[in-house]
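The chains referred to below are lettered A, B, ... by the order of the sequence lines, with proteins before strands, and numbering in each begins at 1. Quantities reported herein were computed from a predicted structural model and do not represent experimental measurements.
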2 protein chains.
Amino acid sequence: MTLSRAEQKEKTRRAIIDAALRQLSAGKSFDALSLREVAREADIAPTSFYRHFKDMEELGLTLVDECGLALRQIMRKGRKRIENAGSVIGTSVDTFMEFTEANPNIFRLLFHERSGTSHGLRTAVAREIQYFIVELSDYIETVGYEAESAYAQAEAMVAIVFNAGAESLDAKPAQRKEIARRAKMQLRFIASGAAQQLKPFKGKDQ
Amino acid sequence: MTLSRAEQKEKTRRAIIDAALRQLSAGKSFDALSLREVAREADIAPTSFYRHFKDMEELGLTLVDECGLALRQIMRKGRKRIENAGSVIGTSVDTFMEFTEANPNIFRLLFHERSGTSHGLRTAVAREIQYFIVELSDYIETVGYEAESAYAQAEAMVAIVFNAGAESLDAKPAQRKEIARRAKMQLRFIASGAAQQLKPFKGKDQ
DNA sequence: TATTTCAGCGTACAAGTGTACGCTTATTTG
DNA sequence: CAAATAAGCGTACACTTGTACGCTGAAATA
């Protein structure tokens with residue numbers, strides 16, 4: 001079985017991406033990766049890297065895209081679990097936490113590069129997070145909130161879930177369950193707080 | 001005016017710390033700093049670095065401690081503003097956002113190293129954040145919440161405020177105001193959501 | 001079949017890194 | 001005053017890094 005040129009190229013490209021992911025899993029942060037190291041891990045000559053990516057940054061962007069996509073797909077699957085059984089909040093948090101436990105490196109990449117040095121990567125990550133917020137915000141709107149409130153709720157919820165993910169990175173299983181439990185409580189605070197604001201006669205500032 | 005040996009040593013130590021902070025301000029992430037670079041900026045020989053820190057990591061820990069302290073002091077000052085005038089939530093968010101605007105590098109260090117490679121730095125940052133949470137949680141308890149709810153509220157609030165800080169790093173002034181406004185709304189969601197949970201009898205008529 | 005294309009390699013180089021080792025020199029101590 | 005201490009320096013070494021350049025050989029094209 002011989003591969004066409006295009007197939008072979010794609011294969012090498014994947015090898016590079018996978019090599020980078022493997023090194024991220026090994027506890028390195030993205031900007032601690034060197035081109036040579038990635039090339040070595042991918043079993044190609046350093047200079048061959050350039051046949052596929054102009055830069056380490058370009059590889060980084062690819063990684064962020066791919067990881068963001070993976071995360072979104074998981075969450076989409078999670079939504080099916082909701083339809084069958086269970087609360088929106090509970091299932092979403094569980095799905096997310098399962099993802100970060102199974103793919104700590106992917107989550108870490110997104111979370112870490114959010115405040116990274118590279119402006120390109122930062123905006124790429126911001127865009128991925130934005131997908132979550134908008135998707136959730138749209139849903140909240142359909143339940144009867146005005147756009148501004150919906151967006152604020154969605155953003156807060158995403159922030160809390162990501163925060164829980166970050167906390168759980170160094171946590172032991174027992175702590176992780178506790179973190180998930182707390183995150184759910186926090187999301188309910190937001191949901192019911194926003195609901196209260198919706199009915200202005202009950203609402204009151206502190 | 002001659003300096004004693006100890007004074008001179010302290011002075012150089014500060015020079016190193018300040019050099020590192022200056023480089024962080026220049027848009028570098030901590031683990032992109034090299035010992036030589038810091039030494040160069042501090043105007044000492046590379047090897048002199050070792051007279052003060054065993055490692056770059058040890059310097060990092062010092063930076064985190066110092067930055068965390070700075071942030072806490074600012075927030076403590078902010079609390080005085082509350083006593084004189086204004087809501088807890090509004091003033092706290094404003095104080096925090098002013099800090100991140102005035103010291104983006106310091107905030108960035110804390111936020112970034114929270115998901116960094118070095119376990120030591122990560123736990124150091126986690127501890128700094130914990131200070132905030134516990135302090136806020138204690139306050140919330142005094143207002144009549146049980147410990148678990150108070151902690152969940154405090155944690156969520158800190159997460160949201162830090163999230164707002166992270167968002168504002170790349171934001172223009174106009175957006176920054178909007179981010180602050182939204183953060184306040186989100187904190188109010190949490191406050192009133194938690195309050196509702198606390199007093200279930202008020203939810204009678206639904 | 002003859003020609004073009006291009007993924008991948010090897011070599012080479014300048015620049016940067018951490019740190020071991022021993023020296024200097026001014027302060028501190030006895 | 002003499003001896004001990006230790007901050008800071010300079011040199012040196014073994015690496016690692018990104019990338020420029022030109023070559024090779026096989027696949028694609030004509």
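Residue-level contact check: B/T47 touches the bases, meaning some heavy atom is under 4.0 Å from a base atom. Residue contacts shown for A/R40 are limited to sugar-phosphate atoms, with no base heavy atom under 4.0 Å away.
Going from atom OH of B/Y50 over to atom P of C/dG18 covers 7 Å, rounded to whole Å. Counting to the nearest Å, the C1' atom of C/dA26 and the NZ atom of B/K11 are 15 Å from each other. When the P atom of C/dG16 is taken as reference, atom CG of B/L33 falls 16 Å away, rounded to whole Å. Following rounding to the nearest Å, A/H52 (NE2) and C/dC9 (C1') show an atom-to-atom distance of 12 Å. Spacing between atom CD1 of B/I44 and atom P of C/dT19 amounts to 14 Å, rounded to whole angstrom units. With rounding to whole Å, B/Q8 atom CD is found 15 Å from C/dT28 atom C1'. Atom CZ of A/R14 is separated from atom C1' of C/dA7 by 18 Å (rounded to the nearest Å). Spacing between atom CZ of B/R51 and atom C1' of C/dC23 amounts to 11 Å, rounded to whole angstrom units.
Nearest nucleotide to the side chain of B/P46, out of C/dG8, C/dA26, C/dT19: C/dT19. Of the candidates C/dC9, C/dT19, C/dA7, C/dA7 carries the atom nearest the A/K9 side chain, counting heavy atoms from C-beta on.
Reading DNA chain D from its 5' end, the first and the last nucleotide to sit under 4.0 Å from a heavy atom of chain B are D/dT5 to D/dA12.
Between the side chain of B/R36 and the base of C/dG16, no donor-acceptor pair under 3.5 Å is found.
A salt bridge does not link A/R72 with A/E135: none of the charged nitrogens is closer than 4.0 Å to a carboxylate oxygen. Using a cut-off of 4.0 Å between Lys/Arg side-chain N and Asp/Glu carboxylate O, A/R182 and A/E167 are scored as salt-bridged. With respect to B/E178 and B/R181, a salt bridge is recorded, a charged nitrogen being found less than 4.0 Å from a carboxylate O.
No donor-acceptor pair under 3.5 Å is formed between the side chain of B/S92 and the backbone N or O of B/I89. Under a 3.5 Å cut-off, the side chain of A/R114 and the backbone N or O of A/A126 do not form any donor-acceptor pair.
Classified by interplanar angle (parallel below 30°, tilted 30° to 60°, perpendicular above 60°), the ring pair B/F111/B/F162 is parallel.
Partners of A/R108 by side chain to side chain donor-acceptor pair (under 3.5 Å), not counting sequence neighbours: none found.
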